[in-house]
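What follows is one structure encoded as structure tokens, with my remarks underneath.
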Number of protein chains: 4
Amino acid sequence: MLKRLPRVVREQQMLDAAVQVFSRRGFHAASMDEIAEVAGISKPMVYAYLGTKEELFLTCLRREATRLMEAVAAGVRPASRPDEQLWNGLRAFFAFVGAHRDGWRVLYRQARSEPHFAGELAGMRARIVEVVASLLEGACAQAEAAKPARPDDFLAMAYAYVGAAESLADWLADHEEEDPEHTATRMMNFVWVGADALLQGRVWRAQAE
Amino acid sequence: MLKRLPRVVREQQMLDAAVQVFSRRGFHAASMDEIAEVAGISKPMVYAYLGTKEELFLTCLRREATRLMEAVAAGVRPASRPDEQLWNGLRAFFAFVGAHRDGWRVLYRQARSEPHFAGELAGMRARIVEVVASLLEGACAQAEAAKPARPDDFLAMAYAYVGAAESLADWLADHEEEDPEHTATRMMNFVWVGADALLQGRVWRAQAE
Amino acid sequence: MLKRLPRVVREQQMLDAAVQVFSRRGFHAASMDEIAEVAGISKPMVYAYLGTKEELFLTCLRREATRLMEAVAAGVRPASRPDEQLWNGLRAFFAFVGAHRDGWRVLYRQARSEPHFAGELAGMRARIVEVVASLLEGACAQAEAAKPARPDDFLAMAYAYVGAAESLADWLADHEEEDPEHTATRMMNFVWVGADALLQGRVWRAQAE
Amino acid sequence: MLKRLPRVVREQQMLDAAVQVFSRRGFHAASMDEIAEVAGISKPMVYAYLGTKEELFLTCLRREATRLMEAVAAGVRPASRPDEQLWNGLRAFFAFVGAHRDGWRVLYRQARSEPHFAGELAGMRARIVEVVASLLEGACAQAEAAKPARPDDFLAMAYAYVGAAESLADWLADHEEEDPEHTATRMMNFVWVGADALLQGRVWRAQAE
DNA sequence: AATGAATGAGTATTCATTCAT
DNA sequence: AATGAATGAATACTCATTCAT
């Protein structure tokens with residue numbers, strides 16, 4: 001029905017369609033029929049090019065994740081100060097989510113809820129968390145006297161920060177009117193001030209009741 | 001085949017089974033057959049007592065949410081200082097999640113990924129976020145000179161904190177070995193110190209590049 | 001829940017409920033649950049008193065049919081002139097249908113559409129058709145010279161008349177505002193005049209084309 | 001498993017099967033499984049081409065009704081005398097019913113007993129009744145002096161006639177040995193003579209008792 | 001290369017019917 | 001006598017996946 005297109009182009013069309021449908025319906029409720037229809041192509045083509053529904057979903061997942069990572073990486077100048085790195089990373093991150101809301105929903109919601117894909121996703125997050133952790137560590141090293149607790153505390157903090165960022169991103173994905181730049185500012189603000197204080201040795205302790 | 005039990009008892013059995021299965025498989029992949037089997041009862045009973053799969057899921061959702069809220073409320077002494085309130089709330093929260101990992105997965109993952117239930121869930125979160133926001137506000141009022149920015153900044157902060165807590169809770173849910181008390185300490189630590197600094201007027205600003 | 005009632009009374013309550021529900025939903029769509037509920041009694045009681053769904057339906061069928069027959073029989077004075085008999089019979093018939101619309105629907109529609117009960121019903125109709133046929137024959141004998149065709153022509157006419165009456169009755173069942181007396185007049189009018197003419201030897205014939 | 005056939009062909013096969021099964025079992029008792037099996041095709045095809053059970057039934061209903069109407073229309077010469085029109089119409093009608101007994105059972109019995117389809121059917125009947133009524137009116141106009149009562153008497157008569165015809169048709173549908181031509185003659189005979197007499201002003205009246 | 005035709009396998013849901021109390 | 005509890009069996013409907021053309 002459509003004119004012949006080189007395989008790579010077709011594949012991207014299909015992936016676009018798949019991301020859109022997966023985002024709208026969720027993995028299970030999405031039907032290969034609808035995906036094919038949205039892609040403007042017949043179902044057997046989808047199978048021929050991208051395999052099983054699961055494989056298709058995984059491919060979507062990886063494409064979106066890769067794009068996200070690349071977008072963030074492109075926004076950060078590795079040589080700059082840690083807080084600038086973080087700031088630019090967050091800007092890039094929220095900007096990407098704001099521009100690819102469907103993709104984010106697939107990544108953050110669908111992939112997470114399907115036990116089958118959780119592993120794949122966990123790996124991706126782990127890599128991100130590590131990057132953030134090493135950023136924190138770098139900031140700490142740069143700061144004068146900071147001696148923050150045990151070594152995996154950086155990881156824990158990073159984990160919590162990533163969680164907070166994802167949560168804001170998720171909210172952003174559902175609110176067309178929100179300005180990604182604004183979200184980034186908020187996040188940066190509260191993350192960095194908190195982190196800074198922590199890194200300077202301020203600690204909260206439960207007091208004897 | 002099994003003994004006759006009064007309705008209330010059976011309903012709880014069924015809900016337990018449902019939470020377990022929903023948690024393991026996700027909403028769509030969970031089958032009413034499996035739920036009935038796990039509950040040790042025949043499918044028609046599930047329908048008779050708890051209705052449609054959707055209704056069943058909603059009932060699970062609400063039961064778990066209610067329990068969670070009650071657990072947290074029971075842990076907090078309303079008259080205590082804000083940081084103590086927060087600390088006790090977080091302890092209760094993580095303790096609950098640690099003790100009801102299945103329930104948490106249902107709440108946090110499955111409910112979120114199904115467009116159909118997202119609304120219900122969003123409402124619950126909103127209530128929590130508001131509580132946290134008012135805690136922050138209370139802390140701010142109690143502190144001497146703090147005059148933090150705009151009024152909805154409390155909300156934004158609360159939102160991010162809740163996101164971070166959920167993220168840690170989610171991680172907790174998947175790691176049997178993690179000690180909830182420890183998770184709570186980490187969370188409290190970095191939240192409170194950050195918040196405290198923020199509330200005292202420290203702000204991070206992007207610098208001219 | 002209800003107070004103890006003698007069996008016969010209970011049975012009538014149940015049959016009333018059953019007729020109502022069967023009429024509203026049709027045989028298949030009617031559920032024993034609803035029947036029990038409408039009867040204000042528990043399901044096992046229905047089974048205990050009236051047996052299977054099929055048996056229950058048959059019992060309804062027979063009760064309604066019997067009542068109808070009796071009502072008609074009560075309306076007719078056997079010694080009167082044929083046309084008067086017919087007239088009174090029709091009046092009684094339409095009056096009954098008007099007063100028992102539910103029962104009529106069960107008899108005429110549901111019973112007919114269920115292959116399983118068609119036989120039972122066919123028998124009842126056969127008896128009615130015969131009565132009408134003998135009425136016609138009586139009228140013919142009474143009339144002076146009439147010599148209508150072959151013997152089973154009375155039956156055929158009767159059959160058609162009964163069909164027409166049923167059709168009008170069916171229409172009556174669905175129109176609350178229609179006056180049964182009026183329906184009876186119409187029917188009588190066109191039946192009798194037609195019959196009269198036929199019985200006097202007037203015949204329509206296809207003409208050579 | 002079976003040969004690939006173009007959609008249009010398969011659809012007709014399915015409709016044939018559906019009419020047969022609906023006729024034999026009734027709407028509710030008919031199972032999509034059986035219909036598919038009789039059609040020699042798998043169930044999903046039935047759903048793909050003809051939709052829901054209800055939609056399938058409606059499609060059957062309309063196909064049979066359309067065919068019936070067309071058969072009758074084809075039999076009647078519009079320019080001929082009213083009685084000839086009626087006669088030819090009846091011949092065509094009974095011939096059709098005799099040749100499509102299954103279809104008639106679906107139309108007349110099943111559709112009528114399902115409250116859900118009664119409306120659709122009522123509309124069709126209404127159109128037929130009107131045609132007959134206008135035939136009667138035409139005959140009346142043609143006849144010399146006739147001045148039959150009120151205007152809707154034509155409708156009432158037509159209604160009763162149609163009921164009678166349906167009743168005979170229904171009987172015909174269940175009796176393989178009956179000759180449709182013969183049925184038509186009987187019907188015509190008693191209808192026309194009766195109508196003729198009526199139209200000439202003969203009226204039956206209840207006498208003072 | 002591309003697709004309409006086709007299906008096996010599964011899932012939610014309902015209902016007549018029966019026990020245990 | 002009366003009922004809440006319980007189920008076996010069925011049925012409509014869907015969907016990922018594959019062929020034949």
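All chains are named by letter (A, B, ...) in the order of the sequence lines, taking the proteins before the strands, and each is independently numbered beginning at 1.
Here the straight-line distance linking atom NE2 of B/H28 with atom CZ of A/R25 works out to 10.5 Å at 0.5 Å rounding.
Using bins of under 30°, 30° to 60° and over 60° for the plane-to-plane angle, the ring pair C/F57/C/F22 lands in the perpendicular bin.
Computed from coordinates, the D/H28 NE2 to F/dT11 P distance equals 12 Å when rounded to whole Å. To the nearest angstrom, P of F/dA6 lies 6 Å from CG of B/L5. D/I35 has its CD1 atom 8 Å from the P atom of F/dA12, to the nearest Å. Between the CZ atom of B/R25 and the C1' atom of E/dA12 there is a distance of 17 Å, given to the nearest Å. One interatomic measurement links the two molecules: CD of D/E55 to P of F/dA12, which rounds to 14 Å at whole-angstrom precision. B/M32 has its CE atom 21 Å from the P atom of F/dT11, to the nearest Å. What separates CD of B/E37 from P of F/dT7 is a distance of 13 Å, to the nearest Å. One interatomic measurement links the two molecules: CE of C/M14 to C1' of F/dA1, which rounds to 11 Å at whole-angstrom precision.
Distances shown here put a side-chain N or O of A/Y49 below 4.0 Å from the OP1 or OP2 atom of E/dA2. Within the 4.0 Å cut-off from OP1 or OP2 of F/dT3, not a single side-chain nitrogen or oxygen of C/Y47 is found. Applying the 4.0 Å criterion to OP1 and OP2 of E/dA2, one finds that A/R10 has a side-chain N or O inside that range.
Using a cutoff of 4.0 Å between basic side-chain nitrogens and carboxylate oxygens, A/D174 and A/R109 are scored as salt-bridged. Ion pairing of A/R63 with A/D16 is present here, as a side-chain N (NZ or NE/NH1/NH2) and a carboxylate O approach within less than 4.0 Å.
F/dT21 and E/dA2 make up a base pair, with Watson-Crick or G-U wobble contacts both under 3.5 Å. The partner of F/dA16 is E/dT7, by the rule that a Watson-Crick or G-U pair needs both atom distances under 3.5 Å.
If A/P44 and C/E54 are placed on DNA chain E by their nearest nucleotide, the residue sitting closer to the 5' end is A/P44. With DNA chain F read from its 5' end, the first of the two nearest nucleotides for C/S42 and D/F27 is the one closest to C/S42. Nearer to the 5' terminus of DNA chain F, by closest-nucleotide assignment, is the contact made by C/K43 (compared with the other of C/K43 and D/G51).
Under 3.5 Å, the side chain of C/K53 and the base of E/dT17 form no donor-acceptor pair of N or O atoms.
Among the protein residues, B/M45 comes within range of the nucleic acid bases, having at least one heavy atom under 4.0 Å from a base atom. Using a 4.0 Å heavy-atom criterion, one finds that A/A30 contacts the sugar-phosphate atoms exclusively.
When every heavy atom of D/V21 is checked against every heavy atom of D/V38, the shortest pair comes out as CG2-CG2, 3.9 Å.
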